[in-house]
Amino acid sequence: MSISVVILAAGQGTRMKSSMPKVLHEISGKSMLFHAIDAAKQISDDITVVLYHQAARIQKEIEAHYDTIRFHMQDAAQYPGTGGAMKGVRTKHGRTLILNGDMPLITKDSLLALTSGNADINMSVIRLDDPQGYGRVIIENDKVLEIVEQKDCTSEQLHTQTVNAGIYAVNTSLLEKYIPLLSNDNAQSEYYLTDIIKMAVEEGRTVHPVYVEEEEFKGVNSKLDLAHAEEIMQRRIKRSWMQAGVTMRLPETIYIDVRATFEGECLLENGVSIQGASHIIDSHIKAHSVVEDAHIEHSDVGPMGRVRPNSRLIRTHIGNFVEVKKSTLTGVKAGHLSYLGDATIEEGTNIGAGVITCNYDGKNKYQTIVGKNVFVGSDTQLVAPVTIEDDVMIAAGSTINKNVSKGELAISRVPMKTVKNFFYKFFGEK
Ligand code: UD1
Ligand code: CA
């Protein structure tokens with residue numbers, strides 16, 4: 001891996017209209033910047049991220065996930081622009097790949113294509129019917145002559161349909177030579193990285209255009225772009241899991257986090273949302289269920305079930321309108337309308353309709369432990385902390401606020417009474 005990577009992430013991202021730095025916005029559960037870093041990590045062991053706006057916040061996020069990323073602080077007040085961003089950056093290897101932090105869809109293969117060959121500079125070029133917003137790339141005989149930013153284009157140059165995708169692989173020695181020579185004599189009074197192309201051409205260096213797909217190289221600048229990139233990422237994620245054997249009914253309606261994983265034979269029905277680093281093995285997730293950071297094995301969920309973080313379902317059936325949170329259920333049936341939070345429930349236990357674990361007293365959360373083969377009658381409240389041992393039967397409508405021992409029946413109900421002919425006394429005879 002003899003190439004260095006520099007990721008430009010110092011810009012403010014004004015067009016996102018957000019207080020969160022642009023590059024921290026997420027696509028399929030992972031920030032745009034992390035998508036770029038992960039692609040870069042596959043080709044390089046020397047990655048530098050350039051920061052300025054909200055630098056501390058972004059650096060902290062990166063350091064929490066990666067331990068070998070280097071940082072460079074741009075002096076954006078004095079040297080604004082993508083060229084300013086490169087001022088003072090030192091890289092380890094003889095070739096340096098520069099990419100933008102707002103390109104979450106780039107893949108390892110495209111990065112490799114950009115680093116191959118022996119031109120002094122390879123740069124990414126997209127052919128677009130509508131080049132609006134991009135720097136125009138002036139190409140003659142398959143050689144790049146210069147990049148002209150939209151705001152600096154002549155009316156003739158505006159029609160150029162080859163645009164700069166913003167990724168360059170440059171001989172590091174040339175970069176070190178050209179960056180100090182950049183000026184801000186242009187429409188935006190910024191230091192444009194793109195000006196190194198013209199400098200190289202003037203010195204007789206070769207600048208080779210590498211044509212790339214818009215779908216992969218489109219920069220995300222607005223919430224509209226973000227949504228569009230999400231769609232593309234979702235299509236990729238789902239295509240690859242379907243190839244791996246996951247069955248999806250109406251995949252267009254399904255959402256899958258980039259961190260989620262599947263094993264064996266899984267079936268996802270329409271409208272399912274699989275979030276976080278969920279791990280699903282040989283299971284059936286029925287329509288409109290939501291799974292968040294959960295482990296589900298040989299189980300079925302839904303329709304309209306919700307399995308929240310830190311839950312483990314093993315050989316378990318979760319029916320409609322059942323919410324499970326931070327609980328481990330092994331060999332359990334919970335068919336209808338329940339909340340099971342901070343609970344451990346064991347093999348052979350049946351949870352009736354409307355059972356609620358009362359796990360929170362307004363200050364703290366408490367555990368509910370239910371053993372094997374327990375029959376929990378409908379509409380039972382399990383007031384935690386509480387332990388129900390094996391082979392227990394709980395009568396419907398009970399409030400269980402004391403532990404129940406093995407083999408017992410627990411019932412807590414106001415005895416029912418009937419009043420003869422009350423209806424007729426109240427409403428009168430018909
Ligand atoms: C840039 C290119 C343009 C290209 C387009 C592709 C320049 C001068 N223009 O324009 O030719 O078509 O990308 O998407 O390079 N950044 C910094 N510091 C800064 C300014 C920007 O680090 O002072 C970073 C941003 O965080 C971003 C990247 O550089 O990740 C690109 O910046 P952006 O402002 O989006 O550049 P464009 O105007 O889109
Ligand atoms: Ca951009």
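For ligands, and for the atoms within them, numbers begin at 1 and follow the listed sequence. Treat the numbers as computed from the prediction; the structure is a model and nothing was measured. Worth knowing before you read on, the calculation uses all heavy atoms, side chains too, and leaves out hydrogens, waters and symmetry mates.
Close contacts of ligand 1 with Gly101, meaning ligand atoms under 4.0 Å from a residue heavy atom, involve 30 (O). Using a 4.0 Å cut-off to heavy atoms of Ala85, the atoms of ligand 1 that qualify are 17 (C), 18 (N), 22 (O). If you number the atoms of ligand 1 from 1 as listed, the ones under 4.0 Å from a heavy atom of Tyr192 come out as 8 (C). Residue-ligand proximity, Gln74 to ligand 1, at heavy-atom distances under 4.0 Å covers atoms 17 (C), 18 (N), 19 (C), 22 (O), 23 (O).
Taking distance alone, with nitrogen or oxygen atoms compared against 3.5 Å, Thr82 approaches ligand 1 more closely than that limit. Polar contact check, Asn164 against ligand 1: a nitrogen or oxygen pair lies under 3.5 Å apart. Where the criterion is an N or O separation shorter than 3.5 Å, residue side chain and backbone included, Leu8 meets it with respect to ligand 1.
Using modelled atom types, one finds a donor on one side chain and an acceptor on the other under 3.5 Å when comparing Gln234 with Ser28. A donor atom on one side chain and an acceptor atom on the other are not found under 3.5 Å apart for Asn122 and His208. In this model, a donor atom of one side chain and an acceptor atom of the other lie less than 3.5 Å apart for Asn359 and Tyr339. Between the side chains of Thr107 and Glu216, a donor-acceptor pair is found at a separation under 3.5 Å. Residues Glu156 and Thr154 have side chains that never bring a donor and an acceptor to within less than 3.5 angstrom of each other. Side-chain contact, Ser278 with Glu292: no donor N or O sits under 3.5 Å from an acceptor N or O. Side chains of His279 and Glu263: a donor-acceptor N/O pair is present below 3.5 angstrom, by distance only.
Here Asn221 has side-chain heavy atoms under 4.0 Å from ligand 1, and that is the only part of it that gets that close.
With distances taken over non-hydrogen atoms, the option nearest atom 3 (C) of ligand 1 out of Gln12, Gln188, Glu149 is Glu149. Distances from atom 19 (C) of ligand 1 to the heavy atoms of Ala10, Gly81, Gly135, Gly83 show the closest one on Gly81.
The closest approach between a heavy atom of Ala165 and any atom of ligand 1 is below 4.0 Å. Under a 4.0 Å heavy-atom criterion, Thr194 is in contact with ligand 1. Using a 4.0 angstrom heavy-atom cutoff, Gly11 counts as in contact with ligand 1. Not a single heavy atom of Val50 sits less than 4.0 Å from an atom of ligand 1.
Residue pairs meeting the salt bridge (charged side-chain N to carboxylate O under 4.0 Å, His left out) criterion with at least one partner in residues 136-151, sequence neighbours excluded, are Glu146-Lys198.
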Which pairs would a plain distance check flag for residues 80-92, meaning a side-chain donor or acceptor within less than 3.5 Å of a matching protein atom at least two apart in sequence or in another chain?
unit_1 : atom_1 : unit_2 : atom_2 : d
Thr82  : OG1    : Leu193 : N      : 3.1
Thr91  : OG1    : Thr96  : OG1    : 2.8

